[in-house]
> 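Before I ask anything, here is the structure I am working with.
Count residues from 1 along the sequence.
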Amino acid sequence: MKTVKLNKYKTNTHGTLRAATEQLAVRVDKIIEYYSFAGQANGQQTDKEGTVVVTEGGEHYVQEPFDKVATSIKKVR
């Protein structure tokens, strides 16, 4: 089982992104897609940037830039 470890943003009760304090380990075979985001999450303006990793369990907003996530996934595969 190959995994990628990323720094996940926490959200408050309103869905606004907060600090990236949680560690997220994602199985590479469970990733459906991933794309970058900047300035908006859950329909609200934010200063956070990073990558959205979509898995079978939902969307995960992570702190790492798209290029770093893509490189990590390709190395593990």
> Tell me whether Leu24 shares a hydrophobic cluster with Tyr9, the cluster being built from Ile, Leu, Val, Met, Phe, Trp, Tyr side chains joined at under 4.5 Å.
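Hydrophobic grouping puts Leu24 apart from Tyr9.
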> Can you tell if the side chain of Ile31 reaches within under 4.5 Å of the side chain of Ile73, non-hydrogen atoms only?
yes
> If we ignore hydrogens and angles and just use 3.5 Å, is the side chain of Thr51 paired with the main-chain N or O of Glu64 as donor and acceptor?
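Answer holds: yes.
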> When rounded to the nearest 0.5 angstrom, what is the spacing between CD in Gln63 and CD in Glu49?
11.0 Å
> Rounded to the nearest 0.5 Å, what separates atom CG in Leu17 from atom NZ in Lys10?
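If we round to the nearest 0.5 Å, Leu17:CG and Lys10:NZ are 13.0 Å apart.
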> Report yes if some heavy atom in the side chain of Val69 is under 4.5 Å from a heavy atom in the side chain of Val4; otherwise report no.
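SC-SC contact between Val69 and Val4 ruled out.
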> Evaluate the criterion ring-ring contact (aromatic ring centres under 6.0 Å, His included) for residue pair Phe37 and Tyr61; output intermediate values, then yes/no.
CA-CA 9 Å; Phe37 75 92; Tyr61 290 84; 5.0 Å; yes
> Would you say that Thr55 contacts His60 through its side chain, given a criterion of any heavy-atom pair below 4.5 Å between the two side chains?
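Yes. Closest side-chain heavy atoms under 4.5 Å.
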> Can the ring centroids of Phe66 and Tyr34 be said to lie less than 6.0 angstrom from one another?
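Yes: the rings meet the under 6.0 Å criterion.
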> Of the options Val76, Asp29, Val26, which is the one that meets Lys2 in a side chain to side chain contact (heavy atoms under 4.5 Å, CB included)?
Val76
> Contact between Glu22 and Asn7 at the side-chain level, heavy atoms closer than 4.5 Å - yes or no?
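A side-chain contact under 4.5 Å is absent here.
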> Any sub-3.5 Å donor-acceptor pair from Thr16's side-chain atoms to Asn12's backbone N or O?
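No, because the side chain of Thr16 does not come within donor-acceptor range (under 3.5 Å) of the backbone of Asn12.
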> Find out if a path of hydrophobic residues (ILVMFWY) with successive side-chain heavy-atom gaps under 4.5 Å connects Val52 to Leu6.
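Val52 does not cluster with Leu6.
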